[in-house]
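Taking it in order: structure first as structure tokens, then the write-up.
What you see is a predicted model, and the numbers here were worked out from it, not measured in a lab. Values below: all heavy atoms of this structure, side chains included; hydrogens, waters and symmetry mates excluded.
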Amino acid sequence: MRLDIFLKVSRIVSKRSLANDLCDRGTIKVNDALGKPSRAIQAGDQIEIRRGIKILIVNVLAIPDSKQVSKDVARSLYQILSETNTSELD
């Protein structure tokens, strides 16, 4: 599944266009490499998202079979590894 679609389906971001914008700005990394919207995501991948002063790091647990899943299923697709503010790192 594409990175931008996974981010939307898992409800990490609200819209696919927002996921594309974040990728284009270089604020998303997959396994420590810059994430492109078309990058294939697999279980076990680590995604880092920087939005403003927040940094969210998640581990992909599963890839859904469809592009629409329930809220409960969406939450089970990933595990939050870290959620910090950059101001806390200073």
Between Ile5 and Lys67, is any pair of side-chain heavy atoms under 4.5 Å apart? yes
Side chains of Glu48 and Ile55: does their closest heavy-atom pair fall under 4.5 Å? yes
If you define the side chain from C-beta out and look only at heavy atoms, does anything of Leu18 sit under 4.5 Å from Arg51? yes
Taking the side chain as C-beta and beyond, is there a heavy-atom pair between Leu7 and Leu22 under 4.5 Å? no
Taken to the nearest 0.5 Å, the spacing of Ile28 CD1 from Lys36 NZ works out to 14.0 Å
When rounded to the nearest 0.5 Å, the distance separating CD1 of Ile47 from CG of Leu3 is 5.5 Å
Do Pro37 and Asp24 come close enough that some side-chain heavy atom pair is under 4.5 Å? yes
Quick one: does any side-chain atom of Asn59 pair with a main-chain N or O of Gln46 as donor and acceptor, under 3.5 Å? no
With a 4.5 Å cut-off on side-chain heavy atoms, are Val73 and Arg11 touching? no
Rounded to the nearest 0.5 Å, what separates atom CG in Leu77 from atom CG in Asp72? 11.0 Å
Roughly how far, to the nearest 0.5 Å, is CD of Glu83 from NZ of Lys54? 6.5 Å
For the residue pair Asp45 and Ala40, what are the closest heavy atoms and their distance? OD2-O, 4.0 Å
Contacts of type salt bridge (charged side-chain N to carboxylate O under 4.0 Å, His left out), residue Arg2, not counting sequence neighbours: Asp4
Hey, any chance Ile63 and Ile80 share a hydrophobic cluster, counting ILVMFWY side chains that come within less than 4.5 Å of each other, even indirectly? yes
How long is the span from the NZ atom in Lys29 to the CD1 atom in Ile57, to the nearest 0.5 Å? 9.5 Å
Rounded to the nearest 0.5 Å, what separates atom CG in Leu56 from atom OH in Tyr78? 7.5 Å
Please give me the minimum heavy-atom distance between Met1 and Ser66, naming the atom from each residue. CE-O, 3.9 Å
